[in-house]
Each structure stands twice: as C-alpha cells, then as structure tokens.
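Scope of the values below: all heavy atoms of this structure, side chains included, with no hydrogens, waters or symmetry mates. One is the number of the first residue; the rest follow in order along the sequence.
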Amino acid sequence: MNSRYTYTLLTLIIALYFVPAQAQTKKSTKKATVKTATKKPAAKPAPKKAAPKPVTKKATDSKSLGDAATKTAQDTTKKGGGNNPNNAANGGSLSEEIVVTTAYKPVLADAVKIRRNPDLEDKAPFKAPLTYAPLDKRQEQNSEIRQLDPMKRPAEQDSVLTNNYAKVGFGNLKTIYGEGYFANGRDEALQFGGFIKHLSQSGSLQKQTQSRDEVGVFGKSIIGDNNISGRINYNRLGTYFYGYNQDAPDNNFVPTKQHFNTISGEVELAKNYKDVENDFTYAVKLKGYAFSNAYQARENNVVISGFLNQTVKQFYAGLSGSLDLASQKDSLYSLGNNIARVNPYIKFQGDNYKIDAGVNIVKEFGDFGKFYIFPAAKLEVQVIPKYVRLFVEAKGDVNRSSLHDFAMINPFLGQNINIKNSVDQLDIGAGLKGTLAPGLSFKASVYRNSIKNMPLMVSNFNAEGNKFTVIYDDGKARVNGFNGELDFKATDDFNIFGRVEIKDYQMAKESEPWNLPKFLLTAGTAIHIDSKLTVTGSLLIRGSTTDRLLVLAPTSTPGSPVYNQIKQPIKGFGDLSGSVEYRINSRFSVFAQANNILSSSYQNWLYYPNYGFNIFGGVGYSF
C-alpha cells in the first residue's frame, strides 16, 4: 500500500476516535492558531461511537483528505465528563490540543534511518579487582641490546661415541683379514688406545704366500703448557723366496722361508701452540727400532731430535738437530753407522712471501767419518694472491743405508747386504702450488738432484739362487724429474686425488738405473654416497724397468769367474683396487674389497709375479 495513503487513513481514525464531532470548530485557513491543552471539569462520558468503517483504498478519497488538511487547520478537543478517576483511562479527565502545521509527506529515506532494533538487554561488564605487586629488581633503562649470557651447549646426537671397532673378512686366494681398534673415548687431556691387524693370502705358485701382522699401542696427554705422546708397535712380515725362471723350471727347487720382525717406539714432548706474539716453541723426540730377519741380519737404531724456535713478529730464528745412532750386523760384518745433524735457520714471513735460510751441517761417525755442509733454503712468493704460490728450494743431506728400509722395499733380499751411505749433494727444485678453484688444489715442480753412491737393487741369482742384493753407483748421478699432485674435494662426500712422477736418470758408472721406474702414477678416490654407503678406489700405474742379469762369460776360468751383464726388461703394469662399505646400523657394517681388478699378470721384481685377482669381504662391528 502506498505510504501516503496509509498515513492519511491513520490520521482520520485518530481524529474520529479522540475528538467528538460536536467539539470541532472551523478556523481560518489563512492562519493556524496554536492552543494549549487544558484540564476541564469532569463531564459525563460521551457515548461511544461505533467504530468507523474501514476506509476504502481509493485514490480519490486519499487525495481529498490530504488537500483538506493542507487548506485548514482543525482544532480538535477530546473532552471527558465526570470526576470518576476510572474515566482517566478513557481520556475523560484530560484535554489535548493537536496542532497540524503542515502536511506530512514521508519519504523512503525516513523509513530506513533505524537499521536494527535496539539491544534491550541489561549487560553490566565484569571488572576484576586490581592487584598490585612491586618488582623485586631495578628496572633497567638501557636501550642497547643486552649481551646474551653463555649457555651450555646441548649434547649432540653422536656424542655417545663407539670407541672400539673390529673387522673380519675372508676371500679367495685363502685370504684371511682382520683388524681391531680400541680407545678410551673422548677426553681432551688423555688419549690412549691400541690396534691389531692381520692379512694373509696365497698365490698359485709354490709357497707364494705372504702374511702381515701388526700390533700397537699409543697414548697422548696434555700436561700444563706441554703435551706428551708416544707409541709402541710390533710388525711382522712373512714370505717365501718363491720366485724362479718359469721358462726354465727346476724340479728340485724348494722355496726357503723369510720373515722380518720390527719392534719400534717413539715418545715426543712438545709445547702447546698459542696464538701469541713473540712465542718461544720447542719440541724433542726420541724414537728407535730393533729389526731382524729369519737369518742373522740385525739392525738397531735410536734417533734423538728436536728444535728450538723464537718468534719476533714476522721474524723466526731457531735451531734444529738430530743424533742418529745405528748398529748393523750380519754374518760377515758388524758396523756402527751414526750421523749427527745441526740445522740453524732464520725465517721471514709476510703476507705475500716466505723465506727460509739456513744450513745443514752433517757429521758421520762410527765406521764412516765424513763431514758435510749443505744449503737449506726455500723461497715462496705469491704469484696470484690467495691462489698460486711460486717456490724455489735448495737442500742437501746424507741418507743412511738401512737394512730395515731395504727389506720393506724388497722382501726378497739376500744376506750380507753392502752398507754405504748415499749423499744428496745438491737438490734444486722449483714449482707452483696453490688452489685453482674451491676444493681444487695442486702442486707441480721440476727438480735436479745430484746423488753420490745411489743405491740400486739387482738380482743376485748366481750367488744366492733367487735373491737380490744392493749395489751402489759409485760417483755422482743426476736425476731430473717432474712431480705433479692434484687433489679435488668437491664436497665432504667426494674426494679424488692423484700424483705423477716422471724421472730421467744420468748414471755415473752403471748403464741403467736398475729396477727404478721412470714413470709412476698413483691415484685414489673416496665417495660417501650417503651416510651408510662408502666407496673407495685406488690406481697404480708403473712404467717399465730393467734388471741386471749376470751370466758367466765363456772366457772365465774356475778360479776367477767373469760375468757379463745382460739387461732383463720388466714390463710396466697397472693395478686397480676398490672397496665398498655399507653401514647396516650404528653397530654393524659389511664390506668388500677387490685387489688387482684388472687381473694383470705383472711383477715388481724379476721372476716374482704378483698375486692375481683377489677379493674378500666381511663384517665390521662398533662397540
């Protein structure tokens, strides 16, 4: 329904209900008079009028009523009669005056002013009682960032270490392998432990067997400003003289047994490193060994060495020295072969350079009594800062001939090895070293060595059947060579490295550098595929060598035999080995190792072929 029509109808109903028809008076339409409502004496109630009939919804009636309201202002008075209070409810005791000043025309905007019903609920917010407590400390007003208090580092997951480890394995060639390591655990002030190793295998030839055993204990302790460390080892190598000329086999050939025993030990006292200016450092070491073989060869050695060094800013001054005492004996001789060395030096070191200048004073005494003074100098200069350094060095020394060292190189040596010390008269070298890229380091050098009495190992088959001996190139031999090293460590899980040696020999008396290779390449890798799987590998490539065969000359006589030298070439070879280890859990692991994967039939020494393809595996246990 139209709002204007509704409002007109309501106005009409109110007028008919509250104002009697006889009380209406006509007023002038020109001026609206405002009258106040006054109370009048109670009168008899007027008879109730019947309710008006509903007004029909005709546009003509609404319009006529609205026009009449705009033309005249009517003063209607509702009168009640009587003094009965109950008549107040019916409006009998009150009189009102309603003044209409103008026509009301509602619009739609007035209908939406109140958009929602008012909230009639009486809600009183709850206010908790307030309590006050004074602070028990002074309030700081320092606006700077407060320094964090030190906190104890939480224990790492791997803080519970397994101090002991054991491995055992078996394979072809009757291989038996085992090793174990034992230690006291994590203690910065005291470390001690031990180890044991065993490896044995057999080849296809008669008595082609070899076994290696090693047992050792070690320890280290920090005492005040110094640390002391030491170790004791026992090493045993057993083999047979199984080599023979397979082109001319001897049915009566019976290999004889050989073994080497070495008991060694050392103890060292050194001052702990301190990052202070003008520091004074020192160290002293005592080491030695007792060596013997299956026959009558014996060698005892004791070495006392140490150094003193004073630092003054970028200047170093010091003195190092050693006393090397050795006794060597066999069935035909007993020698005292002692060497004393003193090396005073000064060093200068800066950001882009390092200079070492000194001399090496050497004195032989015992059965040898010569005196030498050699240079001991080295210069390093940065060519590309932080990446490449150029170095040049010159040095010299006396090399004591050792029965132990000869036997570890060639275990098939015979008896009564000739003893003569060799002398590095002057070794000159120059090269570059540094880092080409992150994780990629290198070192390359060329050198020229002048060696007096160079030792050479040659076959001595005429005198001792299938054994070797040691001879010396009397005079001054020269060795020109190149060394190159490369180490690439991409991440902690991948590392590959290699070294190559190329040599050229100019002998003094001998026609060839017997059994010395002119090319040698060694390389290896270690790959941690994940936390459980590790793969390692190694490669050895050795160039060809030549051995010396002595053949009885036709013109020789029984009393004075004459031998002719025949060069016997030995082919070069390559040996590839690898291993894999898988950790099942924190305790157990399994491993496998393969040697001579290429199954090369090669020999290091004439008539002594090496072992063929060898694979073995086993299990490891940490506890």
Side-chain angles (χ1 to χ4, degrees), residues 154-188 190-203 209-220 231-238 439 487-498 522-540 575-599 610-623:
E156 299 177 359
Q157 292 183 355
D158 60 347
S159 59
V160 180
L161 300 178
T162 53
N163 306 324
N164 311 311
Y165 182 66
K167 295 174 68 174
V168 61
F170 304 92
N172 70 329
L173 302 183
K174 300 179 181 179
T175 301
I176 301 176
Y177 170 78
E179 62 178 320
Y181 300 90
F182 314 94
N184 66 320
R186 180 179 294 174
D187 188 341
E188 296 181 355
L190 177 62
Q191 290 284 317
F192 63 89
F195 64 92
I196 182 172
K197 297 181 181 180
H198 172 79
L199 175 63
S200 61
Q201 55 187 354
S202 300
T209 64
Q210 187 179 80
S211 64
R212 292 180 179 270
D213 299 283
E214 188 174 0
V215 179
V217 294
F218 58 87
K220 182 177 181 179
R231 64 177 62 244
I232 299 176
N233 292 346
Y234 169 73
N235 184 285
R236 178 183 175 86
L237 172 62
D487 188 347
F488 177 59
K489 190 173 183 180
T491 63
D492 292 337
D493 298 328
F494 180 81
N495 187 18
I496 184 171
F497 51 89
T522 56
T525 183
I527 304 173
H528 301 282
I529 297 177
D530 54 27
S531 60
K532 293 186 176 182
L533 186 60
T534 301
V535 178
T536 61
S538 62
L539 174 66
L540 170 65
D575 191 336
L576 178 64
S577 301
S579 67
V580 59
E581 181 176 6
Y582 179 76
R583 297 189 64 85
I584 301 175
N585 50 40
S586 59
R587 296 287 184 179
F588 289 94
S589 63
V590 293
F591 71 94
Q593 181 169 336
N595 299 323
N596 194 7
I597 297 176
L598 304 177
S599 191
N610 212 326
Y611 298 87
F613 174 71
N614 172 226
I615 184 171
F616 61 93
V619 61
Y621 177 65
S622 302
F623 59 98

Can you establish whether the number of heavy atoms outside Leu576 located under 6.0 Å from its atom CG is more than 12? yes
Quick check: does any side chain N or O of Arg231 sit under 3.5 Å from a backbone N or O of Val217, one acting as donor and the other as acceptor?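 Looks like no, no N/O pair under 3.5 Å.
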Spell out, as yes or no, whether a donor-acceptor pair under 3.5 Å connects the side chain of Asn614 to the backbone of Gly171. no
Approximate separation, where rounding is to 0.5 Å, of [X] [atom1] and [Y] [atom2]:
{"X": "Phe170", "Y": "Ile615", "atom1": "CZ", "atom2": "CD1", "value": "15.0 Å"}
{"X": "Asp575", "Y": "Thr522", "atom1": "CG", "atom2": "OG1", "value": "12.0 Å"}
{"X": "Ser577", "Y": "Phe613", "atom1": "OG", "atom2": "CZ", "value": "9.5 Å"}
{"X": "Thr162", "Y": "Arg587", "atom1": "OG1", "atom2": "CZ", "value": "6.5 Å"}
{"X": "Thr209", "Y": "Gln201", "atom1": "OG1", "atom2": "CD", "value": "9.5 Å"}
{"X": "Asn163", "Y": "Tyr181", "atom1": "CG", "atom2": "OH", "value": "15.0 Å"}

Please report the shortest heavy-atom distance between [X] and [Y], naming the atom on each side.
{"X": "Ser531", "Y": "Arg583", "value": "O-CD, 4.2 Å"}
{"X": "Thr525", "Y": "Ile527", "value": "OG1-CG1, 3.7 Å"}
{"X": "Phe182", "Y": "Ile196", "value": "CE1-CG2, 4.3 Å"}
{"X": "Asp187", "Y": "Gln191", "value": "O-NE2, 2.7 Å"}
{"X": "Ile584", "Y": "Lys532", "value": "O-NZ, 3.9 Å"}
{"X": "Ser589", "Y": "Tyr165", "value": "OG-OH, 3.7 Å"}

Hey, what's the ring geometry for Tyr177 with Phe616, parallel, tilted or perpendicular (30° and 60° as the breaks)? tilted
[X] side chain near [Y] side chain, heavy-atom distance below 4.5 Å:
{"X": "Tyr611", "Y": "Asn595", "value": "no"}
{"X": "Ile176", "Y": "Val168", "value": "no"}
{"X": "Asn495", "Y": "Phe497", "value": "yes"}
{"X": "His528", "Y": "Asp492", "value": "no"}

Tell me, which pairs form a salt bridge (charged side-chain N to carboxylate O under 4.0 Å, His left out) where one or both residues lie in residues 163-175, sequence neighbours left out? Lys167-Glu179
Taking the six-membered ring for Trp, are the ring centroids of Tyr621 and Phe588 within less than 6.0 Å of each other? yes
